[in-house]
Amino acid sequence: MSSEDLPGMPMTDLAHQDPPPTGALPPPRVVVLMSTYNGERYVGEQLASILQQLPLGGSVIVRDDGSRDDTVAFVEAIGDSRVAVIRGTNLGFGGSFLTLLTMAPADADLVMFSDQDDVWLPGKIDRAWRHLQPLGDVPALYGSAQMLVDQDLHPLYATPPWPRGPSLANALTENIITGCTAAINRPAVDLLKRAGVANGVYFHDWWLYLVVSAFGTVVYDLQPSLLYRQHGGNVIGRGVGWWGRQWAVLRFVLNNDWVGILQRQVGAFLAHYGDSLPPPTLHWVLRYFHGDDAAGSVRWGLVCGVRRWRQTLYGDLTLRALLLAHKLRVWPPLGRRL
């Protein structure tokens with residue numbers, strides 16, 4: 001058991017080896033959830049990579065988040081009965097994906113999340129299922145490394161492994177599950193649907209990681225499962241190289257109240273799932289976060305304590321600096337609070 005795990009908490013896993021074969025089991029009922037926004041340039045290539053490997057009985061639900069281009073018309077023109085298109089109003093990517101999750105059929109064995117501009121590598125669906133199927137009735141989340149590519153799909157590099165692996169402590173303060181790689185089993189779908197489109201959640205993938213870490217198993221696959229396209233239209237993106245990644249993160253932090261995002265997510269987590277947590281786990285979380293307000297405000301113990309929260313020492317120091325600046329009301333500047 002990881003040093004990050006607490007008594008009564010489920011174990012998490014960093015997958016260093018290939019998943020076990022599923023033998024002669026029937027293929028899962030797969031539902032892919034895709035949110036689109038002004039994505040007509042790349043969405044056709046992405047859908048083709050999904051449909052080529054979609055098992056019999058599988059489907060793709062596309063929710064358009066208020067595009068102003070011809071994305072919806074382009075997807076509809078594909079004319080594949082396995083693809084359903086929903087025209088929605090603009091909710092932002094997090095709200096759009098969580099809305100899609102509420103639409104996932106109750107009999108889906110495997111629900112996967114897809115961006116509009118990547119390309120799935122062959123076997124992505126099978127690999128996710130081989131990791132999740134042996135976990136049975138345990139809520140489980142799968143995520144994987146990515147092969148970063150430029151806008152023309154020329155390879156850049158594969159994302160390196162996380163040094164510490166998944167855990168609830170990590171999920172409270174950092175997200176390591178990139179949404180375009182995420183897949184969840186039926187028990188996890190049921191668990192997440194309990195909260196619906198939770199108010200205060202900005203990143204849908206971080207929300208998946210947090211909730212499933214608390215009640216189930218998170219598996220991180222070290223093998224890249226898709227071509228993660230980097231281009232000028234990425235909502236966040238990863239950036240090229242270490243400096244590119246830091247710049248992408250800094251740019252987001254400079255323009256958003258990141259600590260507020262973290263605190264509101266923890267507030268939503270406690271509001272929807274606090275009563276279901278094992279008492280030792282709940283008491284542990286409340287040592288570091290206030291549970292009596294919707295904001296999930298950070299306590300000084302998280303800022304000043306010795307526990308490691310994030311994957312790297314650099315990340316942990318950055319976290320504490322942001323939390324300290326937030327508590328001292330130095331950051332974010334007025335007008336940048338979401």
Side-chain angles (χ1 to χ4, degrees), residues 22 25-37 39 43 46-65 71-72 75-76 78-89 91 93-116 118 120 123-144 177 179-198 201 204-205 207-209 211-212 215-219 225-226 272-273 276:
T22 54
L25 294 175
R29 169 79 191 281
V30 177
V31 176
V32 179
L33 307 178
M34 177 187 290
S35 178
T36 59
Y37 180 73
V43 69
Q46 170 68 314
L47 279 170
S49 73
I50 295 170
L51 294 171
Q52 287 169 2
Q53 58 184 285
L54 197 65
L56 185 66
S59 62
V60 181
I61 305 175
V62 178
R63 181 190 180 276
D64 187 76
D65 198 38
T71 299
V72 173
V75 173
E76 291 176 337
I78 293 174
D80 194 306
S81 61
R82 295 172 293 177
V83 180
V85 184
I86 299 166
R87 295 174 182 260
T89 57
L91 301 175
F93 64 93
S96 185
F97 273 112
L98 291 178
T99 299
L100 275 165
L101 183 56
T102 67
M103 303 175 184
D107 63 346
D109 299 306
L110 184 66
V111 172
M112 307 184 73
F113 296 79
S114 169
D115 286 353
Q116 64 187 6
D118 303 320
W120 283 15
K124 173 175 167 56
I125 295 175
D126 177 69
R127 190 170 181 86
W129 181 238
R130 285 194 287 137
H131 275 102
L132 295 182
Q133 189 275 334
L135 298 174
D137 293 332
V138 175
L141 166 65
Y142 166 93
S144 79
I177 301 296
C180 56
T181 73
I184 52 180
N185 63 1
R186 190 183 301 180
V189 173
D190 294 339
L191 173 68
L192 288 153
K193 278 187 174 183
R194 284 168 42 188
V197 183
V201 175
H204 65 288
D205 44 6
W207 180 245
L208 302 183
Y209 178 35
V211 174
V212 177
F215 295 98
T217 298
V218 178
V219 178
S225 63
L226 54 77
H272 288 283
Y273 297 103
S276 301

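Please read these numbers as outputs of a predicted model, since none were measured by experiment.
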Looking at every heavy atom in both [X] and [Y], which two are closest together, and how far apart are they?
X: Thr181; Y: Ser144; value: OG1-N, 3.1 Å
X: Tyr37; Y: Gln116; value: N-OE1, 2.7 Å
X: Pro134; Y: Arg130; value: CD-O, 3.2 Å
X: Val138; Y: Gly216; value: CG1-CA, 3.9 Å
X: Met112; Y: Ala183; value: CG-CB, 3.9 Å
X: Gly179; Y: Asp205; value: N-OD2, 2.9 Å

Nearest 0.5 Å, please: how far is [atom2] in [Y] from [atom1] in [X]?
X: Trp129; Y: Tyr142; atom1: CH2; atom2: OH; answer: 14.0 Å
X: Trp120; Y: Ile125; atom1: CH2; atom2: CD1; answer: 5.0 Å
X: Asp80; Y: Ser59; atom1: CG; atom2: OG; answer: 10.5 Å
X: Leu226; Y: Asp115; atom1: CG; atom2: CG; answer: 8.5 Å
X: Thr99; Y: Ile61; atom1: OG1; atom2: CD1; answer: 12.0 Å
X: Arg29; Y: Leu110; atom1: CZ; atom2: CG; answer: 11.5 Å

Q. When the ring planes of His272 and Trp207 are compared, do they come out parallel, tilted or perpendicular, using 30° and 60° as the limits?
A. perpendicular
Under 3.5 Å, which donor-acceptor pairs do the side chains of residues 187-197 form with other protein atoms, sequence neighbours left out?
{"unit_1": "Lys193", "atom_1": "NZ", "unit_2": "Ala104", "atom_2": "O", "d": "2.5"}
{"unit_1": "Arg194", "atom_1": "NH2", "unit_2": "Ser276", "atom_2": "OG", "d": "2.9"}

Q. Is Arg87 salt-bridged to Asp64, going by a charged N under 4.0 Å from an acidic O?
A. no
Q. So, Arg63 and Asp65, do they make that salt bridge, N to O below 4.0 Å?
A. yes
4.5 Å side-chain heavy-atom contact, [X] and [Y]:
X: Arg82; Y: Val60; answer: no
X: Met34; Y: Val43; answer: yes
X: Ile184; Y: Phe113; answer: yes
X: Leu141; Y: Tyr209; answer: yes
X: Asp126; Y: Gln53; answer: no
X: Ser114; Y: Ile50; answer: yes
X: Leu47; Y: Val75; answer: yes
X: Pro139; Y: Thr217; answer: no

(Q) Is it the case that atom CG in Asp107 sees more than 12 heavy atoms from other parts of the structure closer than 6.0 Å? (A) yes
Q.
Applying side chain to side chain contact (heavy atoms under 4.5 Å, CB included) to Val83 and Leu51, what does each step give before you reach the verdict?
A. CA-CA 9 Å; Val83 180; Leu51 294 171; 4.0 Å; yes
